[in-house]
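To find a chain, count down the sequence lines: A is the first, B the second, and so on, and within it residues start at 1.
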2 protein chains.
Amino acid sequence: MSQLFSPEAISTARASGKRLRIGELAKATGVTVETLRYYEHQGLLTAPARGDNGYRYYSPENLERVHFILRAKAVGFTLKDIEELLSLEVQRESHTCQEVKDMAEAKLAEIEQRMSELARMREALSTLTDACCGGPMSAEHCTILSALAEGEVHAEHHHHSPDMEALAQKRDSHSSGC
Amino acid sequence: MSQLFSPEAISTARASGKRLRIGELAKATGVTVETLRYYEHQGLLTAPARGDNGYRYYSPENLERVHFILRAKAVGFTLKDIEELLSLEVQRESHTCQEVKDMAEAKLAEIEQRMSELARMREALSTLTDACCGGPMSAEHCTILSALAEGEVHAEHHHHSPDMEALAQKRDSHSSGC
DNA sequence: CTCAACCCTAAAGTCAACAACAAGGTTGAG
DNA sequence: CTCAACCTTGTTGTTGACTTTAGGGTTGAG
Ligand SMILES: [Zn+2]
Ligand SMILES: [Zn+2]
Ligand SMILES: [Zn+2]
Ligand SMILES: [Zn+2]
């Protein structure tokens, strides 16, 4: 588990010199080791120090960077975006707030774009579901299928007539549209 | 992207028994010929009639089905979903409204799930952008980058002191956080 | 006849973000 | 010493919805 020094002793004494193997870093960040190697391959993580055995040994800075990546992912940035963000982050003083904020706002606009797309879908779909009775009768005149087939939703909400509801307990087609 | 309900597009080629070549169908539906062949390959479109030359000749029913697919896509169904929907559609009377509505409601829940995910991202990201000044100064103390690096947003909105704004016209770091 | 604009098939490539595999070397507990 | 649990590299597979490529045949206007 531990390298030259016992991990507990080290962590209590000083966190700064602690070097993690890939599995430990994975556990610490909640991602898989494959993901960490993938991030390295993609240039999101700088190649960490290696031991004589070839193992990767990660510094606390590496750990921080993984957290950076995960936080950026959590707010909607793609890995490609994050690569860009990291290039800003590593040399902050040679970039401006404007550059950073522009990226964030562009991403915000992207997110809002996708949200309104989904909102449009939701409205259309909920109109469809509202019009369908959802009963155990034949879908022959189902308003959902009809709307998809014919391109228009017949806004008349479905109301089986009492007679039909009484009689058509199963599989009877309901002809009034559903 | 596309209109959900566009009734006028349908009625044009329906009256005549005209058979469309793939390019014509593509133009009529707004998808590429490759996409049409792809849909056929995926079983979403039944293999159309062929001429002696091997060309596909599409019936108006085929056109209807493409529209069905596009409308279902527009409300958020995947192609796999649509395959299922089509199997309900082609034999409506052997299925129930319940089956259809269940699918639609499941898809609706999926859409709402994705929307709330995006809403979460938007909140987090807009908190970040609100706190950043977006000015032409060095990003050394940029609140966005700091929040990503340190995992917390310092809610203090950025206010350059008047002195600094006057003096730091370009590239000066602003130390009070941005 | 020529030539562009169509059409055909089957297979491979694209994108994102990993996951899975093969075929090994290393470590540490029992 | 054995054995599981790590670690290594490199390659391939996954998902969805196409797009592109390669290598042809067909049509119709000039
Ligand atoms: Zn129905
Ligand atoms: Zn009904
Ligand atoms: Zn800033
Ligand atoms: Zn600032």
How long is the straight-line distance from CZ of A/R56 back to CG of A/L45, given to the nearest 0.5 Å?
10.0 Å

Check the distance between D/dG16's P and B/I69's CD1 and give it to me in whole angstrom.
17 Å

Testing D/dT19, C/dC8, C/dC18 for proximity to the side chain of B/Y38, the answer is D/dT19

At under 4.0 Å, does any side-chain N or O of B/R37 touch on OP1 or OP2 of C/dT9?
no

Determine: side-chain N/O of A/T32 to OP1/OP2 of C/dC18, distance under 4.0 Å, yes or no.
no

Please give, in whole Å, the distance from D/dG16 P to B/E84 CD?
13 Å

Whole-Å gap separating P (D/dC18) and CD (B/E40):
15 Å

5' precedence on DNA chain C between A/Y55 and A/E34 (nearest-nucleotide basis):
A/E34

Within the pair A/R56 and D/dT9, is there a side-chain N or O less than 4.0 Å away from OP1 or OP2?
yes

Closest listed nucleotide, where the reference is the side chain of A/R50 and the choices are D/dT9, C/dT9, D/dT19:
D/dT9

Donor-acceptor check, side chain of A/K107 to backbone of A/F77, threshold 3.5 angstrom: yes or no?
no

Specify the residue among B/N53 and B/T78 whose closest nucleotide of DNA chain D lies further upstream toward the 5′ end.
B/T78

Can you tell me the base-pairing partner of D/dG30? Count Watson-Crick or G-U wobble geometry only, both distances below 3.5 Å, and say none if there is no partner.
C/dC1

When the distance from CD of B/E83 to C1' of D/dG16 is rounded to whole Å, what number comes out?
13 Å

B/E110 CD - D/dG16 P separation (whole Å)
11 Å

D/dA17 phosphate, OP1 or OP2: any side-chain N/O from B/T35 under 4.0 angstrom?
no

Taking the side chain as C-beta and beyond, is there a heavy-atom pair between B/L85 and B/E83 under 4.5 Å?
no

Using a 4.5 Å cut-off on heavy atoms from C-beta on, say whether the side chain of B/H67 contacts that of B/R71.
yes

Measure CZ/A/F77 against C1'/C/dA16 and give the value in whole Å, please.
17 Å

In whole angstrom, what separates A/L36's CG from D/dC6's P?
15 Å

For A/D130 and A/T127, indicate whether the former's side chain and the latter's backbone hold a donor-acceptor pair under 3.5 Å.
no

Kindly say if A/K73 contacts the phosphate of C/dC18, meaning a side-chain N or O under 4.0 Å from OP1 or OP2.
yes

Interatomic distance where CG belongs to A/L20 and C1' belongs to D/dC6 [whole Å]
15 Å

Check whether any side-chain nitrogen or oxygen of A/Y39 sits under 4.0 Å from OP1 or OP2 of C/dA17, and answer yes or no.
no

